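What you see is a predicted model; the values in this text were computed from it and never measured.
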Amino acid sequence: MAESYCSFPCTGNSAELCGGNDYISVYQDTTFPTVNDNTIADYKPMGCYAEGTNGRSLAWRQDQLSTTNLTVEECLFACKDGGYSFAGVEFGQECYCGVVLGNGTLPLDSTSCNIPCTGNSSETCGGRSTLNLYVATDLESTQPCNGGSSSSSSSSTPPTTSSSASSTSSSPPTTSSSPLTTSSTPTVSVVFGSNEQQALIL
(Lines give C-alpha, C1' and ligand atoms only; values in the text may rest on other atoms or scores of the structure.)
Protein backbone atom coordinates (compact mmCIF):
# COMPACT_ATOMS: atom_id res chain seq x y z
CA MET A 1 0.00 0.00 0.00
CA ALA A 2 1.11 3.52 -0.68
CA GLU A 3 1.82 5.62 2.41
CA SER A 4 -0.67 8.20 1.06
CA TYR A 5 -3.53 5.94 2.23
CA CYS A 6 -2.49 6.68 5.83
CA SER A 7 -3.17 10.40 5.94
CA PHE A 8 -5.24 10.96 9.11
CA PRO A 9 -3.51 13.05 11.79
CA CYS A 10 -3.21 11.49 15.25
CA THR A 11 -5.56 12.97 17.85
CA GLY A 12 -2.75 13.23 20.40
CA ASN A 13 -0.25 14.86 18.02
CA SER A 14 -1.54 16.28 14.75
CA ALA A 15 2.02 16.36 13.35
CA GLU A 16 1.99 12.53 13.27
CA LEU A 17 -0.06 10.29 10.98
CA CYS A 18 -2.36 7.61 12.41
CA GLY A 19 -3.72 5.52 9.54
CA GLY A 20 -6.64 6.35 7.29
CA ASN A 21 -10.14 5.27 6.36
CA ASP A 22 -10.00 1.43 6.64
CA TYR A 23 -6.17 1.59 6.88
CA ILE A 24 -3.84 1.30 9.84
CA SER A 25 -0.28 2.52 10.26
CA VAL A 26 1.94 -0.32 11.47
CA TYR A 27 5.34 0.35 13.02
CA GLN A 28 8.20 -2.09 13.39
CA ASP A 29 10.37 -2.18 16.50
CA THR A 30 13.88 -2.33 15.05
CA THR A 31 15.34 -3.63 18.33
CA PHE A 32 13.96 -7.06 17.38
CA PRO A 33 16.12 -9.08 14.98
CA THR A 34 15.03 -10.32 11.59
CA VAL A 35 13.52 -13.78 11.98
CA ASN A 36 15.22 -16.69 10.19
CA ASP A 37 12.26 -18.96 9.43
CA ASN A 38 14.48 -21.76 8.10
CA THR A 39 15.71 -22.98 11.48
CA ILE A 40 14.33 -23.79 14.92
CA ALA A 41 17.74 -24.66 16.38
CA ASP A 42 17.68 -21.40 18.34
CA TYR A 43 14.83 -22.68 20.56
CA LYS A 44 16.24 -24.25 23.72
CA PRO A 45 14.21 -26.41 26.14
CA MET A 46 13.36 -24.76 29.46
CA GLY A 47 11.73 -27.80 31.02
CA CYS A 48 8.26 -28.61 32.33
CA TYR A 49 6.13 -25.71 33.60
CA ALA A 50 2.70 -25.25 35.18
CA GLU A 51 0.10 -23.19 33.33
CA GLY A 52 -0.27 -19.62 34.58
CA THR A 53 -2.53 -18.91 37.55
CA ASN A 54 -4.44 -16.07 35.85
CA GLY A 55 -4.81 -17.41 32.34
CA ARG A 56 -2.51 -19.19 29.95
CA SER A 57 1.27 -19.18 30.25
CA LEU A 58 1.51 -18.43 26.53
CA ALA A 59 -1.23 -16.32 24.99
CA TRP A 60 -1.55 -17.56 21.43
CA ARG A 61 -2.74 -21.06 20.64
CA GLN A 62 -1.77 -22.32 17.19
CA ASP A 63 -5.14 -23.68 16.05
CA GLN A 64 -3.93 -24.08 12.45
CA LEU A 65 -1.83 -27.08 13.56
CA SER A 66 -3.25 -30.61 13.58
CA THR A 67 -4.09 -31.90 17.05
CA THR A 68 -3.91 -35.49 15.78
CA ASN A 69 -0.37 -35.19 14.39
CA LEU A 70 1.48 -32.60 16.53
CA THR A 71 5.26 -32.68 17.01
CA VAL A 72 7.52 -30.37 18.99
CA GLU A 73 9.22 -29.30 15.76
CA GLU A 74 5.92 -28.36 14.12
CA CYS A 75 5.06 -26.18 17.10
CA LEU A 76 8.48 -24.51 17.12
CA PHE A 77 8.21 -23.68 13.42
CA ALA A 78 4.74 -22.17 13.95
CA CYS A 79 6.03 -19.99 16.77
CA LYS A 80 9.10 -19.04 14.74
CA ASP A 81 6.89 -18.00 11.80
CA GLY A 82 5.12 -15.59 14.15
CA GLY A 83 8.36 -14.26 15.64
CA TYR A 84 7.49 -15.52 19.14
CA SER A 85 10.40 -16.09 21.50
CA PHE A 86 8.48 -18.62 23.65
CA ALA A 87 6.88 -21.87 22.47
CA GLY A 88 5.12 -24.56 24.44
CA VAL A 89 3.42 -27.90 23.86
CA GLU A 90 0.65 -29.17 26.12
CA PHE A 91 -1.65 -32.18 26.56
CA GLY A 92 0.07 -34.08 23.74
CA GLN A 93 -1.71 -32.10 21.04
CA GLU A 94 -1.67 -28.35 21.73
CA CYS A 95 0.85 -25.69 20.70
CA TYR A 96 1.08 -22.20 22.22
CA CYS A 97 3.35 -19.22 21.48
CA GLY A 98 4.09 -15.94 23.23
CA VAL A 99 6.53 -13.14 23.90
CA VAL A 100 6.22 -13.28 27.71
CA LEU A 101 5.20 -15.92 30.23
CA GLY A 102 1.94 -15.45 32.13
CA ASN A 103 1.93 -14.87 35.88
CA GLY A 104 2.11 -18.08 37.87
CA THR A 105 4.08 -20.01 35.24
CA LEU A 106 6.25 -22.11 37.54
CA PRO A 107 8.82 -24.84 36.88
CA LEU A 108 7.78 -28.38 37.74
CA ASP A 109 9.47 -31.75 37.95
CA SER A 110 9.85 -33.26 34.47
CA THR A 111 7.53 -36.13 35.44
CA SER A 112 4.59 -33.69 35.35
CA CYS A 113 5.03 -33.42 31.57
CA ASN A 114 4.27 -37.00 30.59
CA ILE A 115 1.99 -37.06 27.55
CA PRO A 116 3.56 -38.18 24.24
CA CYS A 117 3.08 -35.95 21.21
CA THR A 118 0.32 -37.18 18.90
CA GLY A 119 2.62 -36.86 15.88
CA ASN A 120 5.72 -38.47 17.43
CA SER A 121 5.30 -40.71 20.47
CA SER A 122 9.04 -40.50 21.23
CA GLU A 123 8.60 -36.78 22.07
CA THR A 124 6.85 -35.37 25.14
CA CYS A 125 4.24 -32.66 24.61
CA GLY A 126 3.50 -31.46 28.13
CA GLY A 127 0.76 -32.87 30.30
CA ARG A 128 -2.57 -31.88 31.84
CA SER A 129 -2.23 -28.12 32.46
CA THR A 130 1.54 -28.44 32.07
CA LEU A 131 3.79 -27.38 29.20
CA ASN A 132 7.16 -28.30 27.85
CA LEU A 133 8.50 -24.78 27.25
CA TYR A 134 11.14 -23.60 24.77
CA VAL A 135 12.80 -20.19 24.41
CA ALA A 136 14.69 -18.57 21.54
CA THR A 137 16.54 -15.68 23.17
CA ASP A 138 17.71 -14.43 19.76
CA LEU A 139 14.08 -13.47 19.02
CA GLU A 140 13.94 -11.13 22.01
CA SER A 141 14.63 -7.42 21.76
CA THR A 142 18.25 -6.27 21.74
CA GLN A 143 17.13 -3.47 24.09
CA PRO A 144 14.71 -5.09 26.56
CA CYS A 145 12.64 -3.01 28.93
CA ASN A 146 14.08 -3.56 32.41
CA GLY A 147 12.00 -1.14 34.43
CA GLY A 148 8.63 -1.02 36.07
CA SER A 149 7.72 -2.27 39.49
CA SER A 150 3.96 -2.43 38.93
CA SER A 151 4.02 -5.99 37.60
CA SER A 152 5.96 -9.00 38.69
CA SER A 153 6.33 -12.56 37.57
CA SER A 154 6.82 -15.49 39.87
CA SER A 155 8.55 -17.62 37.26
CA SER A 156 12.26 -18.30 37.35
CA THR A 157 12.87 -17.69 33.66
CA PRO A 158 15.30 -15.51 31.73
CA PRO A 159 14.35 -11.81 31.46
CA THR A 160 11.61 -11.24 28.94
CA THR A 161 10.45 -8.26 26.97
CA SER A 162 7.03 -6.74 26.78
CA SER A 163 5.27 -5.72 23.65
CA SER A 164 1.94 -4.18 22.89
CA ALA A 165 -0.48 -5.25 20.24
CA SER A 166 -3.44 -3.43 18.80
CA SER A 167 -6.40 -5.50 17.78
CA THR A 168 -9.86 -4.83 16.44
CA SER A 169 -11.37 -7.97 17.96
CA SER A 170 -11.45 -9.55 21.37
CA SER A 171 -9.84 -12.81 20.26
CA PRO A 172 -6.03 -13.12 20.33
CA PRO A 173 -4.14 -13.17 17.03
CA THR A 174 -2.83 -16.42 15.61
CA THR A 175 0.04 -16.96 13.25
CA SER A 176 -0.43 -17.88 9.65
CA SER A 177 1.50 -20.48 7.73
CA SER A 178 3.28 -17.82 5.68
CA PRO A 179 6.51 -16.45 7.16
CA LEU A 180 6.60 -13.03 8.75
CA THR A 181 8.72 -10.66 6.71
CA THR A 182 10.39 -7.45 7.70
CA SER A 183 11.58 -4.46 5.74
CA SER A 184 13.76 -1.49 6.37
CA THR A 185 10.74 0.81 5.94
CA PRO A 186 9.53 1.74 9.43
CA THR A 187 5.83 1.84 8.53
CA VAL A 188 3.48 -0.15 6.35
CA SER A 189 -0.23 0.14 5.72
CA VAL A 190 -2.61 -2.76 6.22
CA VAL A 191 -6.08 -2.90 4.68
CA PHE A 192 -8.86 -4.02 7.01
CA GLY A 193 -11.52 -5.62 4.86
CA SER A 194 -14.47 -7.75 5.82
CA ASN A 195 -12.28 -10.88 5.95
CA GLU A 196 -9.55 -9.49 8.18
CA GLN A 197 -10.38 -9.21 11.86
CA GLN A 198 -7.14 -8.11 13.52
CA ALA A 199 -3.57 -6.89 13.03
CA LEU A 200 -0.57 -7.84 15.10
CA ILE A 201 1.86 -4.98 15.62
CA LEU A 202 5.40 -6.08 16.44
Looking only at atom types and distance, does a side-chain atom of [X] sit under 3.5 Å from a main-chain N or O of [Y], one as donor and one as acceptor?
X: S57; Y: G52; answer: yes
X: E123; Y: C117; answer: no
X: T67; Y: Q93; answer: no
X: T39; Y: A41; answer: yes
X: T118; Y: L70; answer: yes
X: T130; Y: S112; answer: yes

Output every pair passing disulfide bond (SG atoms under 2.5 Å apart) with a member in residues 13-56, not counting sequence neighbours, ordered by first then second residue.
C10-C18, C48-C113
Please say which of V89, L65, N120 ends up in a side chain to side chain contact (heavy atoms under 4.5 Å, CB included) with T71.
N120
For the cysteines C75 and C125, is the SG separation below 2.5 Å?
no
Please lay out, stage by stage, how F91 and I115 fare under the test side chain to side chain contact (heavy atoms under 4.5 Å, CB included).
CA-CA 6 Å; F91 201 57; I115 299 179; 3.7 Å; yes
Does the side chain of [X] reach to within under 4.5 Å of the side chain of [Y], using non-hydrogen atoms?
X: P116; Y: S122; result: no
X: F77; Y: E74; result: no
X: R61; Y: E90; result: no
X: M46; Y: N132; result: no
X: Y134; Y: F86; result: no

For T111 and D109, which heavy atoms make the closest approach, and how far apart are they?
OG1-OD2, 2.6 Å
Which pair of non-hydrogen atoms, one from A87 and one from L76, has the smallest distance, and what is that distance?
CB-CD2, 3.5 Å
Is there a side chain to side chain contact (heavy atoms under 4.5 Å, CB included) between L139 and Y43? Walk through the geometry before answering.
CA-CA 9 Å; L139 295 180; Y43 280 99; 3.6 Å; yes
Step by step, work out the side chain to side chain contact (heavy atoms under 4.5 Å, CB included) result for T105 and L133.
CA-CA 10 Å; T105 303; L133 285 179; 4.1 Å; yes
Among side-chain atoms of E3 and Y5, is any donor-acceptor pair under 3.5 angstrom?
no
Under 6.0 Å between the ring centres of W60 and Y96?
no
Across all chains, not counting sequence neighbours, the side chain to side chain contact (heavy atoms under 4.5 Å, CB included) partners of N69 are S66
Measure the NZ-OG distance between K80 and S85 for me, rounded to the nearest 0.5 Å.
11.5 Å
Separation between CD1 of I40 and CG of N36, rounded to the nearest 0.5 Å:
11.5 Å
Could you go through the side chain to side chain contact (heavy atoms under 4.5 Å, CB included) check for L101 and L58 one step at a time?
CA-CA 6 Å; L101 295 177; L58 298 173; 3.6 Å; yes
